[in-house]
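All values below were derived from every heavy atom in this structure, side-chain atoms included, with hydrogens, water molecules and symmetry-related copies excluded. Lettering follows sequence order; numbering is per chain, from 1.
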Amino acid sequence: MTTAPTLKPLLVAAESRNKDRQRGADRAGYGHGLAGLTWGTGVPVPLGFFKRTVQNKKSYQCAASSNCPVDKAGRKRCPRCRFAKCLQQGMKIEAVREDRMRGGRNKFGSYYKRDRAQRMQRSSLKDSTVTDLAGMEQTVTSRLYCLLHKWPRWEPFSFCVSAVEDNLGQLVAWAKAAPYFRELEMADQMQLLHASWAAVHIADFAYAAVIGAIPASIKMNNGLEVPSGLAAVMGDCSLLALWTEIVHLLASRGFTRVDLAAFRYLALFHEDGECRVENRALIRAARDSLMRCWGEYRGSDVALLPQFTAFLRIRSLAQSCQNFLITRRVGGVVGSSLLAEMLSSVQVTCAR
DNA sequence: GCTCAAGGCCAT
DNA sequence: ATGGCCTTGAGC
């Protein structure tokens, strides 16, 4: 069986996307005192509206009570509230020139500079705290919910495989943007993903199950009710009991989105993935940083212990799930080439 | 010289 | 009226 090289192109694509985004962020400048504005780079911003309003000394009246919602859709409804929002967001009337002189610089140069420096500091700080990283996890539950309702559900097993594949796709994009991970060489990135994808998948479902974001069971088109945890354990009914046990354990200890973020990073940078990687120092640094942040969040290192054992159980469950998929020969028969590649890498590991 | 935020223009 | 794109020019 030959597997198409699927993971690498995905990583390459994610990398170029991230670079584009970074370039966009770097290019984002200032407009009338407000940070994050650009001319002609596709970021829609009410520069023209603000400029005209100030230049022509317009004064608008609000038909309602001066608290109209100003969003992309309703922005044209009430100019008064739109202008108020501009000011509230930090746009400066003084930055619209009275004499209408073009070009050159205005007196805000130093303010822009300071603001830029501050924003830079904030973004680098962000890299080192789990709490901020947890922002990414908010989307997990809604995604899993969609995922469970996405396909025509004729057969439980192929349904579970589809769920796994769908989750795999986003995992790559997430990891590629993750601090530390994005600094690694491509080969190392592949190693870590091969070793962690299954545990991340289960952790995602565990979180969604604990907070009740997904239904307990899914109704197949043939009338059969299937527990949604089956998608978490990738279709292996014999693992369902273990799965529910872990979910209950996590629920009793408390499992927040910060904990989920920690689980995901823990899986990604776990020792098991380390054996064949080049840059062990960076991965160890990532783990240290993670444990420090997570410990701070939980209050103490001791408080992490039960969480950590739960994580280890998820990892061993993940191993069982992978073995199950291999015995079902998903890689060759049902699964996408990406899933096949993930599974074949496990087989290589086992053979050694 | 180059940058990049400000003004102007004009199709919508 | 709006907003995308082009031109300008003081400060670095």
Side-chain angles (χ1 to χ4, degrees), chain A residues 10 12-129 132-133 135-136 138-139 142-143 146 169-170 173-174 176-183:
Chain A
L10 279 175
V12 171
E15 186 163 293
S16 86
R17 266 201 307 279
N18 288 342
K19 275 185 179 154
D20 285 350
R21 235 201 330 263
Q22 187 55 48
R23 257 198 296 280
D26 290 344
R27 281 187 64 185
Y30 291 77
H32 301 295
L34 181 56
L37 308 184
T38 51
W39 297 98
T41 50
V43 180
V45 128
L47 284 172
F49 166 78
F50 189 80
K51 181 171 67 179
R52 278 191 301 276
T53 302
V54 177
Q55 280 178 339
N56 306 335
K57 297 189 165 51
K58 284 176 185 279
S59 79
Y60 307 107
Q61 296 291 348
C62 178
S65 43
S66 300
N67 56 2
C68 306
V70 182
D71 50 28
K72 204 164 185 171
R75 67 180 185 279
K76 290 178 186 171
R77 203 157 355 147
C78 179
R80 198 224 77 101
C81 294
R82 190 182 181 194
F83 188 65
K85 175 105 186 240
C86 286
L87 290 175
Q88 180 212 321
Q89 297 265 318
M91 295 183 78
K92 297 186 191 313
I93 291 178
E94 312 92 278
V96 179
R97 294 167 185 169
E98 211 153 357
D99 57 10
R100 302 202 163 201
M101 193 191 60
R102 303 170 99 218
R105 317 258 84 178
N106 66 16
K107 58 179 173 172
F108 296 116
S110 56
Y111 160 78
Y112 294 153
K113 209 166 164 181
R114 258 189 302 122
D115 187 69
R116 222 191 292 275
Q118 273 175 19
R119 283 197 296 154
M120 194 82 101
Q121 202 164 13
R122 269 201 298 278
S123 76
S124 69
L125 203 74
K126 206 174 185 168
D127 288 351
S128 59
T129 72
D132 286 318
L133 300 172
M136 280 188 273
Q138 284 175 308
T139 56
S142 61
R143 203 189 62 246
C146 295
Q170 65 74 39
W174 164 75
K176 195 70 199 183
Y180 294 99
F181 186 88
R182 58 174 173 235
E183 316 293 339

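Comparing B:dA6, C:dG3, B:dG8 against the side chain of A:Arg102 picks out B:dG8 as the nearest. Candidate nucleotides C:dA1, B:dG7, B:dA6 were compared by shortest atom distance to the side chain of A:Lys58, and C:dA1 ranks first.
Between the side chain of A:Lys51 and the base of C:dG3, no donor-acceptor pair of N or O atoms lies under 3.5 Å. No hydrogens or angles were tested; on distance alone, nothing pairs the side chain of A:Arg52 with the base of B:dG8 as donor and acceptor under 3.5 Å.
Between the CG atom of A:Asp99 and the C1' atom of C:dA10 there is a distance of 13 Å, given to the nearest Å. We find that CZ of A:Arg105 is positioned 13 Å from P of B:dG7, with the value rounded to whole Å. A:Arg97 has its CZ atom 7 Å from the P atom of B:dA6, to the nearest Å. Between the CZ atom of A:Arg100 and the P atom of C:dT8 there is a distance of 17 Å, given to the nearest Å. When the P atom of C:dT2 is taken as reference, atom CZ of A:Phe83 falls 12 Å away, rounded to whole Å. The CZ atom of A:Phe50 sits 17 Å away from the C1' atom of C:dA1 (whole-angstrom rounding).
Residue A:Gln55 places none of its side-chain N or O atoms closer than 4.0 Å to OP1 or OP2 of B:dA6. Taking side-chain N and O atoms only, A:Asn106 has a distance below 4.0 Å to OP1 or OP2 of B:dA6.
Side-chain N or O atoms of A:Asp99 include one that pairs as donor or acceptor with a backbone N or O of A:Met101 at under 3.5 Å.
Of all the heavy atoms in A:Phe49 and A:Pro79, the pair that sits closest is CZ-O, 3.5 Å. What you find for A:Arg97 and A:Arg102 is that their closest heavy atoms are NH1-C, 3.6 Å.
Relative ring orientation between A:Phe50 and A:Phe83 is described as parallel, the plane-to-plane angle staying below 30° on a 0-90° scale split at 30° and 60°.
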